[in-house]
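Nothing here was measured: the structure is a model prediction, and the numbers come from that model.
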Number of protein chains: 2
Amino acid sequence: MAATVTLSDVAREAGVSLATASRAINGSANRTVREDLRERVLAAAARLRYSPDANAQAMARGRTTSLGLVVHDIADPYFSSIAAGVSAAADRSGLAVTLASTRHDQTRERGLIEVLQRQRARAIIIAGGRTDDDALNAELRRALADYRAGGGSAALVGQPVLGVDTVVIDNADGAAALARALHGLGYREFAVLAGPAGHLTARERLDGFRAGLAESGVALDPANVIGCAFTRDGGYDGMQDLLRRRGSVELVFAVNDVMAVGAMAAARDAGVDVPGELAVAGFDDIVTLRDVTPPLTTVRVPLVEVGVAATELALAPPSDEPRLVHVEATVVLRASTPPRHPSNGNGAGSAS
Amino acid sequence: MAATVTLSDVAREAGVSLATASRAINGSANRTVREDLRERVLAAAARLRYSPDANAQAMARGRTTSLGLVVHDIADPYFSSIAAGVSAAADRSGLAVTLASTRHDQTRERGLIEVLQRQRARAIIIAGGRTDDDALNAELRRALADYRAGGGSAALVGQPVLGVDTVVIDNADGAAALARALHGLGYREFAVLAGPAGHLTARERLDGFRAGLAESGVALDPANVIGCAFTRDGGYDGMQDLLRRRGSVELVFAVNDVMAVGAMAAARDAGVDVPGELAVAGFDDIVTLRDVTPPLTTVRVPLVEVGVAATELALAPPSDEPRLVHVEATVVLRASTPPRHPSNGNGAGSAS
DNA sequence: TTGTATGCGTTATCAT
DNA sequence: ATGATAACGCATACAA
């Protein structure tokens with residue numbers, strides 16, 4: 001910080017007091033600075049190329065102008081879409097976004113929250129689903145409670161288990177609707193790439209899918225529920241497992257799109273035609289899907305809007321009770337799950 | 001900011017002076033606090049759940065702990081990969097990343113730099129290629145010079161036209177190598193989805209491609225150079241244009257991958273088989289490409305590493321002259337550009 | 001309306 | 001080694 005020009009310099013240059021300079025440059029609460037003075041100040045500021053120090057302002061005002069965003073991996077289209085929404089909404093509120101990434105290590109979340117707290121971020125948005133690790137959740141809960149006690153507000157995208165405002169995606173309903181839709185298309189034999197054990201989003205989607213199937217009178221064979229990482233490579237590996245010991249499965253539901261896309265790659269590499277030999281469906285409707293082949297059936301989550309909603313939630317006046325904003329997930333049928341066993345008419349690969 | 005615990009509180013609780021508390025909690029320059037005292041302080045801090053105020057520290061120390069990143073669109077895989085690299089490198093240096101997005105409006109870049117300057121970010125990374133708008137560049141140049149005069153350092157990913165350290169991607173060489181490789185595969189009739197007029201990255205890639213072709217004795221018909229936006233939709237629209245008035249084009253080179261992917265979608269929607277009827281190549285090798293069909297030939301740019309390099313450049317001790325780090329771009333041939341007119345042997349669609 | 005003086009939370013300088 | 005105390009750059013309560 002070499003020759004930084006301060007507000008005092010501007011005041012001197014303009015021949016006014018520090019206070020007047022301050023009031024002229026931002027519009028102080030109890031307004032009014034005589035027009036000629038204000039102009040002198042602004043002119044001086046411009047001449048000196050004055051740049052207000054946000055840190056000093058933060059100290060003096062007692063609040064910063066920044067908002068924290070915690071993601072697992074910014075290169076994942078799921079998170080980058082949410083980030084785009086958060087960024088847009090923060091912009092509108094004149095807030096700068098501080099991006100913190102766990103790099104897929106949940107245990108780092110706590111530390112990131114603390115960093116954001118040290119920065120006195122006005123609000124923290126945590127994207128990415130929770131796990132059922134109670135100890136970890138308790139820790140986070142406490143970190144967030146602390147943070148909020150200091151005047152910050154937080155919002156979560158996922159499951160409302162941290163005691164803060166939460167944007168809740170209707171995973172179960174969406175997955176159930178998907179199951180019904182697929183059943184309606186004629187599918188009867190399913191497998192699920194179910195993600196990791198403790199992952200709540202994965203679980204909700206699996207459970208919802210299973211429930212939707214049950215409604216249609218179809219049971220999901222536990223042997224066809226395959227655990228794997230919640231990533232593209234997890235989907236790839238899971239699909240390999242499945243193909244190795246495939247029974248009569250007609251359709252594979254991956255609990256998120258990046259996994260589904262990985263699964264399709266595995267099928268391709270194994271020479272299994274999608275959807276000819278095996279249909280695939282995902283969840284999220286990440287933008288990438290526009291350009292995969294075949295177009296992937298999925299359950300759409302409006303990710304950018306989710307980011308906006310989380311930001312607005314976090315920025316809204318605080319409430320006593322954690323608020324919940326529900327976001328619907330809607331089935332989008334595409335070519336990766338063509339109709340099968342049509343009730344009347346001819347089908348592909350059915351009958352004798 | 002309700003009941004924020006300050007360092008004074010901690011000092012009082014520990015029965016030491018403010019100064020000692022400060023020294024105990026971070027390791028002050030001239031080290032040493034008696035062990036028992038240090039422990040008392042740390043215990044008190046933990047008991048009170050003390051969280052240092054980064055803004056106050058920034059004021060006192062004269063330097064912040066944050067790094068700014070300017071992108072056009074964080075949801076674009078090109079930028080999100082660079083962001084991942086920047087984020088990782090910043091992490092290693094204990095810096096928090098402030099994400100600023102132009103939302104595809106170049107004129108906003110200037111304002112974003114100013115915001116970052118106000119935050120007194122230690123360094124600013126600007127991702128995304130330059131244009132040939134001299135007025136705009138001069139403005140940015142000045143904004144950056146100002147910022148650097150204040151002690152900040154900046155690094156750019158793109159063309160070294162702003163007077164700051166720059167990570168330069170060998171666009172021309174990469175594109176030329178691609179042209180030669182494609183010529184080697186037997187292609188003779190090319191079209192280019194060339195991006196917008198003033199875009200330097202687009203221009204370098206176009207020029208490089210043209211030069212590579214020329215080396216091989218092939219001329220690029222100006223009528224087959226199609227201007228369009230530097231986005232997926234730009235590629236889609238450009239391809240539509242091309243298909244409408246297609247002559248004998250065998251291969252379409254889109255100057256970046258998202259455009260190429262859009263172009264493939266347009267071809268698909270128009271019922272044109274890729275690569276059967278028309279081959280396609282892109283540039284960047286964004287991660288998305290793993291999962292498009294057919295696999296896209298491209299020129300690989302190590303985006304995450306580029307982000308890391310830019311960050312390291314910006315964080316390195318300042319130098320008088322702007323430094324340049326060159327990053328090679330390497331051709332990756334995939335199924336979207338199968339061999340054609342093989343010199344000896346049988347080819348597809350060649351000869352009579 | 002304008003100016004003066006104080007405080008924000010921390011580090012660093014200077015005594016002790 | 002520890003403790004007062006002066007910055008850091010700005011906003012604001014209060015005085016004029």
Side-chain angles (χ1 to χ4, degrees), chain A residues 1-42 44-45 48-65 117-122 150-152, chain B residues 1-41 44-45 48-65 117-121 150-152:
Chain A
M1 302 290 171
T4 300
V5 21
T6 76
L7 190 53
S8 303
D9 300 326
V10 175
R12 189 177 329 112
E13 170 86 2
V16 301
S17 74
L18 218 197
T20 302
S22 173
R23 296 191 267 249
I25 286 188
N26 78 36
S28 175
N30 28 334
R31 60 181 173 294
T32 51
V33 168
R34 227 175 49 212
E35 194 48 29
D36 56 324
L37 279 195
R38 130 175 268 96
E39 281 174 15
R40 277 224 314 265
V41 172
L42 262 35
L48 267 38
R49 318 221 84 207
Y50 168 68
S51 166
D53 184 324
N55 295 288
Q57 293 184 312
M59 283 220 60
R61 296 205 245 248
R63 67 198 142 78
T64 67
T65 178
Q117 179 178 20
R118 282 202 260 281
Q119 300 213 146
R120 300 296 186 263
R122 280 264 274 278
Chain B
M1 302 291 171
T4 300
V5 169
T6 75
L7 190 54
S8 304
D9 299 326
V10 175
R12 191 179 327 113
E13 171 87 3
V16 301
S17 74
L18 217 199
T20 303
S22 173
R23 295 191 267 247
I25 285 188
N26 78 34
S28 174
N30 26 337
R31 62 181 174 294
T32 50
V33 169
R34 229 175 47 214
E35 195 47 30
D36 57 323
L37 279 196
R38 131 175 266 95
E39 280 174 16
R40 278 228 310 270
V41 172
L48 266 38
R49 320 220 82 210
Y50 168 68
S51 167
D53 185 323
N55 296 290
Q57 293 183 312
M59 283 220 59
R61 298 206 243 245
R63 68 197 140 79
T64 66
T65 178
Q117 179 177 19
R118 281 202 262 280
Q119 299 211 145
R120 300 294 186 264

With a cut-off of less than 4.0 Å, is there a side-chain N or O of [X] near OP1 or OP2 of [N]?
X: A/Gln57; N: D/dA11; result: yes
X: A/Asn26; N: D/dA11; result: yes
X: A/Ser22; N: D/dA11; result: yes
X: B/Ser17; N: D/dA4; result: no

Choose from [options] the nucleotide whose nearest atom is closest to any side-chain atom of [X].
X: A/Leu7; options: D/dA11, D/dG3, D/dG9; value: D/dA11
X: B/Ser8; options: C/dA12, D/dA11, C/dT10; value: C/dT10
X: A/Ala56; options: C/dG9, D/dC10, C/dG3; value: D/dC10
X: B/Ala19; options: C/dG9, C/dT11, D/dA4; value: D/dA4
X: B/Ala60; options: C/dG9, C/dT4, C/dG7; value: C/dG9

Take atom [atom1] of [X] and atom [atom2] of [N], then tell me their distance rounded to the nearest Å.
X: A/Gln119; N: C/dT10; atom1: CD; atom2: C1'; result: 16 Å
X: B/Glu39; N: D/dA1; atom1: CD; atom2: P; result: 16 Å
X: B/Arg23; N: D/dA4; atom1: CZ; atom2: P; result: 11 Å
X: B/Met59; N: D/dA6; atom1: CE; atom2: P; result: 17 Å
X: B/Arg61; N: D/dG9; atom1: CZ; atom2: P; result: 16 Å
X: B/Ile25; N: D/dT2; atom1: CD1; atom2: P; result: 15 Å
X: B/Arg118; N: D/dG9; atom1: CZ; atom2: P; result: 17 Å
X: B/Asp53; N: C/dT11; atom1: CG; atom2: C1'; result: 13 Å

Exercise for the section: For B/Asn55 and A/Gln119, indicate whether the former's side chain and the latter's backbone hold a donor-acceptor pair under 3.5 Å. Expected result: yes
Handout entry: Any residue meeting side-chain contact (heavy atoms from CB on, under 4.5 Å) with B/Leu37, in chain and number order, not counting sequence neighbours
Key = B/Val16, B/Thr20, B/Val33, B/Arg34, B/Arg40
Practice task
Identify the heavy atoms of A/Ile25 and A/Val10 that sit nearest to each other, and give their distance.
Solution key: CD1-CG1, 4.4 Å
Problem - Nearest heavy atoms of B/Ala58 and B/Thr64, plus distance in Å - result: CB-CG2, 3.9 Å
Practice task
Please evaluate the base of C/dG9 for a donor-acceptor partner in the side chain of A/Arg120 within a cut-off of under 3.5 Å?
Solution key: no
Handout entry: Nearest-nucleotide comparison on DNA chain D, the residue closer to the 5′ end among B/Arg34 and A/Asn55
Key = B/Arg34
Practice task
Pick base, sugar-phosphate or nothing for B/Leu18, based on heavy-atom distances below 4.0 Å to the nucleic acid.
Solution key: base
Exercise for the section: Carefully, step by step, assess A/Arg120 and B/Ser51 under the rule side-chain hydrogen bond (donor to acceptor under 3.5 Å, both in side chains). Expected result: CA-CA 9 Å; A/Arg120 300 296 186 263; B/Ser51 167; 3.1 Å; yes
